[in-house]
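Notes follow once the structure below has been shown.
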Amino acid sequence: MILIWMLCILLAGGILCWLAAQRQPLLARWIALITVSADLLIACWLFPVYQAFPDNSSWFINYQANWIPALGVSFHVALDGFSHILLLLTYFLGILAVLCSWKEVRERTGFYFFNLLWTLAGISGVFIAMDLFLFYFCWEIMLIPMFLLIILWGDVRRHYAAYKFFLFTQAGSLLMLLAILALYFIHGQQTGNYTFDYFALLQTALTPSTAMWTMLGFLIAFVIKLPAVPFHNWLPDAHGEAPTAGSLLLAGLLLKTGAYGIIRFVLPIFPQAAADIAPWMILIGVAGIIYGALLAFSQTDLKRLIAYTSVSHMGFVLVGVFSFSSIAMQGVVMQILTHGLSTGALFLMAGMLKERLHTRDITKMGGLWTSMPRLGGMAILLTMASAGLPALGNFIAEFFILLGTFSNNPVLSIIATLGLILSAVYSLRMMQKVFMGPLISTVPVVDLSARELIILTALSISIVVLGLFPQPVIDTVHHLSTIHPLLHE
Amino acid sequence: MIHLVWLVPFLPLLGFLVNGLGRRYLSRSLAGIIGSGAVLAAFVVSLLIFLDVVKQPEEWTGQVVTLFDFISAGTLHIPFAFQVDQLSALFLLIITGVGSLIHIYSTSYMHDETSEGFARYFAYLNLFVFSMLILVLGANYVMMFIGWEGVGLCSYLLIGYWFKNTNYGNAAKKAFIMNRIGDLGFLLGIFTMIVAFGSVSFSEVADKAAVLGPNNNTIAIIALLLFVGAAGKSAQIPLYTWLPDAMAGPTPVSALIHAATMVTAGIYMIARSNMLYTLAPCIQTVVAVIGLATAVLAATIALKQDDIKKVLAYSTVSQLGYMFLALGVGAYTTAVFHVMTHAFFKALLFLGSGSVIHAMGGEQDIKKMGGLKKYMPVTHVTFLIGCLAIAGIPGLSGFFSKDEILAHTFVSNKLMYAISLLTALMTAFYMFRLYFITFTGKFRGTHEQEHHLHESPAAMTIPLIVLAILSVIGGYVGLPEVFGMGNKLEEYMAPIFKLSAPFAHVHEHLSHNTEWLLMALSSVLVIITIFFARSQFRNYEDNGEVRTGLAKVLENKWYVDELYDAIIVKPLGLLSKFFEDAIEKSGIDRLVNGAGRLVHWGSQQARLLQNGQVGFYIFAMVIGMVVLFVIGFLFK
């Protein structure tokens, strides 16, 4: 029941923001902040509940209520360690998203926070839904407010970017809907029990070719979201044009729903088909690592640059998931977390720079260290995290993924390792263009405000802590090694 | 004391945090005191630990101090642990000892910086010392890797310390990326190790490798991959070109990072992995050949450089090559010995050059110097001692360590011996070319510079004097056996190399007569070379001649930078542009935009039926869905 509350708080908070803003526009941001903080507190409060469970491989919260019994649709939500971590990430980044919009959003604030909270609600729903209909429902819920965030509060080319984002993800969703229905009917015919329940559908027996086609429906939706090459094209535009909080949620959370989907649905429901397609997916992942990194190298738009680094980092996720190694799987979870934090932070940084300089073009920046030493110091940490420097969280993730892949696919693993060199190249280029060199901009800039400092410090500390003490996360997702028969140590 | 080893890296870390976070509020003197004090305190702890280690009985092979469980996943366990033994204790002393001197020197050298910059400088320097200590203290390869990349980051930050200069920024970037290439080898080595042995701890890897025995392919692959990492960090062919560029950083940084400590990490790593290398003689040969080739190549380049720091940088590359040669012929202790003596005299030379540059108002071109000895007596004498030490004049530290390398090489391969002797002579020649052009003859700078010439303040000269003393006496810990007093260092280090010794290829022992003969030969030749350099450069005049032929090639460093630029840097940039233009913009974008236009056309048609805002429609749809959801939920 607690899970329902978490969703309801967000949904109700969103409506309240909207209503409150009619009278007092500034009230909305406080309501939003309190709402998300409440959810974060609840998520933290679940820790002891989780600890109390002797076997941490289980679903420690499981709630089911009928919804549309005639169709076999139930309101089934459940939580395991993996989903719990993702919820924590969602609310943590959610708070930062509210904070970073504090001053940036000046018009229609109520509706803005409504969309922000509803996106978060959709994302939370995706991470806990154990009914495929509900899952699909939440999948759509997170999409539409996000679309509105981009198109209403975005930058100059926001219309183009928003429609592109909508078109890409919607195409994927459609395929997923078809696949869900196919699964529903096949399972229904086999057992006579027409249900969308995840745990029931897990038992569906599929012929190899049906399995392959149905899986592809899911997989394509997820890799578009991830995004994997060549479906990544919406990302740079969406990131580039979205408001700062939008970029933060996109990079930090929306992309992660793709990874989550693959791990939660594709692998367990279609073990054989997933194994058959694995070599190709690893190949696509490696291609994404290299391709994204190379493209990041030639970008001049700061946000597009960061977007391409996301493509590169998400390539690691794909490689890790399909290498069927439990250590790589743990690395994937770490990557989901740390990439959310570090790339989110980089987008926030880009937003802060844009607020001051009114440009995203790095050729028009340079020498900003002089006027913004605090942001410069943070930026070093964040770019180094992005470049996978040891003792920072991202290193653990990539180390695990590459190590897990290395034992069964050394050649592709070595090629993927080249991504680490390229990540150093683009990270340092970014650092140098923005902060080093002679001062280019004539606009006087001020260093971070207390609010901005708190945001970036919170993220930086999380990255360092995850880098030094990754063990709690590793333990929490240990049970993922049982989701696929091929997974091995 | 050994269980308190965590204090050694912790103190500089604390210094880094205080100086880094408080850099806007700390005064210059306070930042300097915190920065230097942290390292000095770490030195004191290191000294106590070293004394503890020396006291240990003969069979003691080190102690692992575990702080916490870093990673534990499946069968892989990686503790966050420090290893205290003879090797790491010695490196602790070198790092914190030379580090303290350089911190003290910096308080004076960097005095023209803003107080924010000053504190930032000390924060970086402390962070470097911290990372370097993690590198040598780590009890497993992953810990070593953490320090390994950490020092790379600090090197990047310090090379680019004067961030407004784009060239310095590029040098910093180059250093980091070249190091990264090497690090990749290291990382793959770790992967192979985990797959093969299921462990990354030094002791377990060595034990399991010993079980596999010599000439095993897996071990050879691991050894080779680790060597790639070592070559990156220690500036060996083909990854050496970053080090001379790294001289863009402040001179004390060049002394500490790019001469005395960080660049010797590769030697430390191979000495630490001595079991793996002893078991893979073919890779040892690779190490020896690469080391020797680097030594020669860098020495030839140093012959024709006119920038005082560039000469020293190439000499560092060359000396590092020497150390790898020693490792390659299996003389691990000798390599460590040379690391130590080199740390003394090269830090001395760099700090001396810093003193010169300071006095010359930032000028680094030796053609514009000359006759400095009468203006800066302390710098002159200490620099001369450094030159004598690196040239290998008998009685000074460099003589003993270099002579030992030559002797071991002689036993192993006569041709390599001849080449390394030739390199030693080149070293003597370019060092004394540097010395005579800089300190003797007429002053060739501007009148203003001449007016400002002065000896440096005490905070700079005292470290010079201390290092000069160490450069003289530092060699006596490793006296060759022919002197009949026993090699102290050899005895001290023996436990580290004890386990791999049985697998080593045993060479016949040098007779004492041969050893004396070799020593005499190299000494005489070096002295002749120095006098030759004196005759050439004692009264050097800059007549503005343009170098041609081989001299020009050497001045331009064999055009290796240009080669790398043409075959790697440019193609990568072009490939990136190609992807951006051909695939992203005219490929995928066009396809998507086509689909978009189709939708747009469709919506144009639809607009005939309904006109309004799309946003509103979508919003209405959401509301509809939610109402359905609520109804469904309430009336279940």
Side-chain angles (χ1 to χ4, degrees), chain A residues 11 65-69 75 118 137 140-141 144-145 147-148 151-152 163-164 167-168 230 233-234 291 294-295 297-298 326-327 330 367 369-370 373 377 380 384 389-391 396 399-400 402-403 406-407 413-414 417-418 420-421 424-425 428-429 432 435-439 468 470-471 474 489, chain B residues 20 23-24 68-76 80 116 120 142 145-146 148-150 153 156-157 160 163-166 169-170 172-173 176-177 180-181 183-184 187-188 191-192 194-195 572-573 575-577 579-580 584 588-589 592 595-596 599 615 618-619 621-622 625-626 629 632-633 636:
Chain A
L11 294 172
N66 278 331
W67 186 10
I68 315 173
F75 201 91
W118 277 49
F137 185 78
E140 291 296 305
I141 291 235
I144 293 156
F147 168 78
L148 291 173
I151 205 164
L152 292 177
Y163 279 108
K164 200 168 181 181
L167 223 71
F168 263 94
N233 195 256
W234 62 271
Y291 187 75
L294 274 175
L295 273 169
F297 183 63
S298 62
S326 70
I327 199 155
Q330 286 154 359
W369 191 292
T370 326
I380 285 183
M384 281 303 138
L389 197 82
I396 307 282
F399 179 77
F400 274 24
L402 291 171
L403 173 61
F406 186 77
S407 48
S413 177
I414 290 169
T417 329
L418 293 178
L420 289 178
I421 297 179
V425 176
L428 296 185
R429 173 173 172 267
Q432 195 176 5
F435 291 99
M436 317 276 181
L439 189 67
L468 287 176
Q471 199 57 39
I474 298 174
E489 288 293 338
Chain B
R23 60 183 194 266
R24 291 148 65 99
F68 59 89
D69 227 8
F70 179 41
I71 293 172
S72 168
T75 51
L76 181 67
F80 198 93
E116 194 266 342
R120 182 162 59 93
V142 172
F145 190 73
I146 293 176
W148 192 267
E149 288 239 290
L153 168 66
Y156 164 78
L157 293 173
F163 58 85
K164 285 178 196 158
N165 185 324
T166 311
N170 288 336
K173 210 163 73 174
F176 192 87
I177 290 165
R180 248 295 155 98
I181 297 173
D183 294 357
L184 211 71
L187 194 63
L188 291 173
F191 291 161
T192 319
I194 294 175
V195 171
L572 214 57
L575 191 65
S576 173
K577 264 270 157 293
F579 280 155
E580 170 79 11
E584 290 288 298
I588 304 179
D589 260 2
V592 176
V599 174
I618 293 168
F619 180 68
M621 192 169 98
V622 185
M625 282 161 91
V626 173
F629 159 79
F633 193 64
K636 61 196 175 187

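Throughout, a chain's letter reflects where its sequence line sits, starting with A, and its residues are numbered from 1.
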Practice prompt. Using a cut-off of under 4.5 Å on heavy-atom pairs, state which of B:Trp148, B:Phe70, B:Phe80 scores highest against chain A.
Written response: B:Phe70
Fill in: Toward chain B, the part of A:Leu402 with a non-hydrogen atom under 4.5 Å
both
Worksheet entry | Per-residue contact mode, B:Asn170 against chain A (heavy atom under 4.5 angstrom) | both
Practice prompt. Answer with side chain, backbone, both or neither: which region of B:Ile71 has an atom nearer than 4.5 Å to a non-hydrogen atom of chain A?
Written response: both
Worksheet, complete the sentence: Value for CG (A:Leu428) from CZ (B:Arg180), rounded to nearest 0.5 Å, stands at 8.5 Å
Discussion item. On a heavy-atom basis, which atom in B:Ala73 and which in A:Gln330 lie closest, and how many Å separate them?
Written reply: CB-OE1, 3.4 Å
Practice prompt. For residues A:Met436 and B:Tyr156, report the shortest heavy-atom separation together with the two atoms involved.
Written response: CE-OH, 4.1 Å
Discussion item. Nearest 0.5 Å, please: how far is CD1 in A:Ile327 from OG1 in B:Thr75?
Written reply: 7.0 Å
Response to the item:
If one checks every heavy atom of A:Leu152 against chain B at 4.5 Å, the contacting part turns out to be neither
Fill in: Most contacts with chain B, counted as non-hydrogen pairs under 4.5 angstrom, among A:Phe297, A:Phe168, A:Trp369, A:Phe400
A:Trp369
Practice prompt. Please state whether the side chain, the backbone, both or neither of B:Ile194 comes within less than 4.5 Å of a heavy atom of chain A.
Written response: side chain
Worksheet item: By a 4.5 Å heavy-atom criterion (distance strictly below it), what part of B:Leu157 contacts chain A: side chain, backbone, both, or neither?
Response: side chain
Worksheet item: With chain B, which of A:Leu294, A:Leu403, A:Ile421 has the greatest number of heavy-atom pairs at distances under 4.5 Å?
Response: A:Leu403
Discussion item. Could you report the tightest heavy-atom contact between B:Glu116 and A:Pro373, atom names first, then the distance?
Written reply: OE2-CB, 3.7 Å
Practice prompt. Locate the shortest heavy-atom distance separating B:Thr166 from A:Gln432; write the atom from each residue and the value.
Written response: O-NE2, 3.6 Å
Response to the item:
Looking only at B:Lys577, B:Glu580, B:Arg24, the option with the highest number of non-hydrogen pairs under 4.5 Å against chain A is B:Glu580
Worksheet entry | B:Leu575 versus chain A, the contacting section by heavy-atom distance below 4.5 Å | side chain
Worksheet item: What option among B:Asp183, B:Val142, B:Leu188, B:Leu76 has the most heavy-atom pairs under 4.5 Å with chain A?
Response: B:Leu188
Worksheet item: In Å, rounded to the nearest 0.5 Å, how long is the span from CZ of A:Phe399 to CG of B:Leu187?
Response: 6.5 Å
Response to the item:
When rounded to the nearest 0.5 Å, the distance separating CG of A:Leu420 from CD1 of B:Ile181 is 12.0 Å
Worksheet, complete the sentence: B:Glu149 and A:Pro390 have their tightest heavy-atom pair at OE1-CD, 3.0 Å
Practice prompt. Verify the ring-centre separation between B:Phe163 and A:Phe435: is it less than 6.0 angstrom?
Written response: no
Worksheet item: Who wins among A:Gly377, A:Pro470, A:Gly367 for the most heavy-atom pairs under 4.5 Å with chain B?
Response: A:Pro470
Fill in: Region of A:Leu389 in contact with chain B, defined by heavy-atom distances below 4.5 Å
both
